[in-house]
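First the structure, in the form of structure tokens, and then the observations on it.
When a ligand or atom number is given, it counts from 1 through the structure's own listing order. In what follows, residues are counted from 1 in the order of the sequence shown.
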Amino acid sequence: MLKHHVLFDETVIAARVDQLARAIRKNLPDLAPVTIGLLTGSFIFLGDLVRALARLGVEPQVDFMAVSHYGPSMESSGQVQVKKDTALDLTGRPLLIVDDILDSGRTLSVVRDRLVQRAPSWLRTCVLLDKPSRRIVPISADYVGFEVPDVWVIGYGLDAGGEGRALPYVAALEREEN
Ligand code: IMP
Ligand code: MG
């Protein structure tokens, strides 16, 4: 396993997910939203978030989209390609787009601009983590779990070259000293 140290443990994450669900629940125009997670990193966060929403009486419909970047795995290159779209009818539905982390902002802005064209009644974005220091496209998420500095994070769905997704906490990779 890659060397790492914990930033947010399971208890802290669970409490924050509940707070986010309450904030989202308060703003939702109706209790049958569509939630779309961006694969693969958001799968655990979305799983916990929709269950937190369900405890508050919300009945989300769940789907995923897959987008990919050209270029090396730990560097965002300029282009975002939609690999898997959602087939759901979003017309007139409240829509929540959920991602693991907002980094350059390219992914979320491409997905948001694309889905807004499908005429949802309400569209908000929610990310577990935000790295504002890395932003290239000017976008902020409507709901943010935690802000993180410019470090590579793994766990709770996030990976480094395929490793670390199943860790139950969010951790920062230790920098390699050569
Ligand atoms: P953006 O398009 O640059 O905002 O990139 C967002 C995507 O890059 C996220 O959905 C993640 O998949 C990935 N990503 C960015 N930073 C990290 C990180 O620190 N750990 C794991 N994945 C990351
Ligand atoms: Mg991602």
Is there a nitrogen or oxygen of Gly105 sitting under 3.5 Å from a nitrogen or oxygen of ligand 1?
-> yes

Side chain to side chain donor-acceptor pair (under 3.5 Å) with Glu147: which residues, sequence neighbours excluded?
-> none

Name each donor-acceptor pair under 3.5 Å that joins a side chain in residues 10-18 to protein atoms two or more places apart or in another chain, with its distance.
unit_1: Arg16; atom_1: NE; unit_2: Gly145; atom_2: O; d: 2.7
unit_1: Arg16; atom_1: NH1; unit_2: Gln19; atom_2: OE1; d: 2.7
unit_1: Arg16; atom_1: NH2; unit_2: Val144; atom_2: O; d: 2.8

Are any of the heavy atoms in Val151 under 4.0 Å away from ligand 1?
-> yes

Does any N/O atom on Val153 come nearer than 3.5 Å to any N/O atom on ligand 1?
-> yes

Sub-3.5 Å donor-acceptor pair from the side chain of Arg106 to the main-chain atoms of Val110, do we have one?
-> no

Strictly under 4.0 Å, does any heavy atom of Arg134 approach an atom of ligand 1?
-> no

At what distance, to the nearest 0.5 angstrom, does CG of Leu96 lie from CG of Leu46?
-> 8.0 Å

Which is closest to atom 5 (O) of ligand 1 in terms of heavy atoms, Thr107, Leu38, Ile136, Asp99?
-> Thr107

Would you call Asp63-Lys84 a salt bridge at under 4.0 Å N-O?
-> yes

May I ask you to list the atoms of ligand 1 that are less than 4.0 angstrom from any heavy atom of Leu158?
-> 20 (N), 21 (C), 22 (N)

Sub-4.0 Å heavy-atom approach of Asp100 to ligand 1 | yes

Any idea which atoms of ligand 1 are less than 4.0 Å away from a heavy-atom of Arg106?
-> 2 (O), 4 (O)

Heavy-atom contacts with Lys131 under 4.0 Å: which atoms of ligand 1 show up? List them by number with element.
-> 16 (N), 17 (C), 18 (C), 19 (O)

Does Arg112 pair with Asp142 as a salt bridge, N-O distance under 4.0 Å?
-> no

Basic-acidic side-chain contact under 4.0 Å: Arg135, Asp130 = yes

For Ser104, the ligand 1 atoms with a heavy-atom partner under 4.0 Å come out as 1 (P), 2 (O), 3 (O), 4 (O)

May I ask you to check whether Asp150 and Ser133 show a side-chain donor-acceptor distance below 3.5 Å?
-> no

Please confirm whether Asp159 comes under 4.0 Å of ligand 1, counting heavy atoms of the residue only.
-> yes

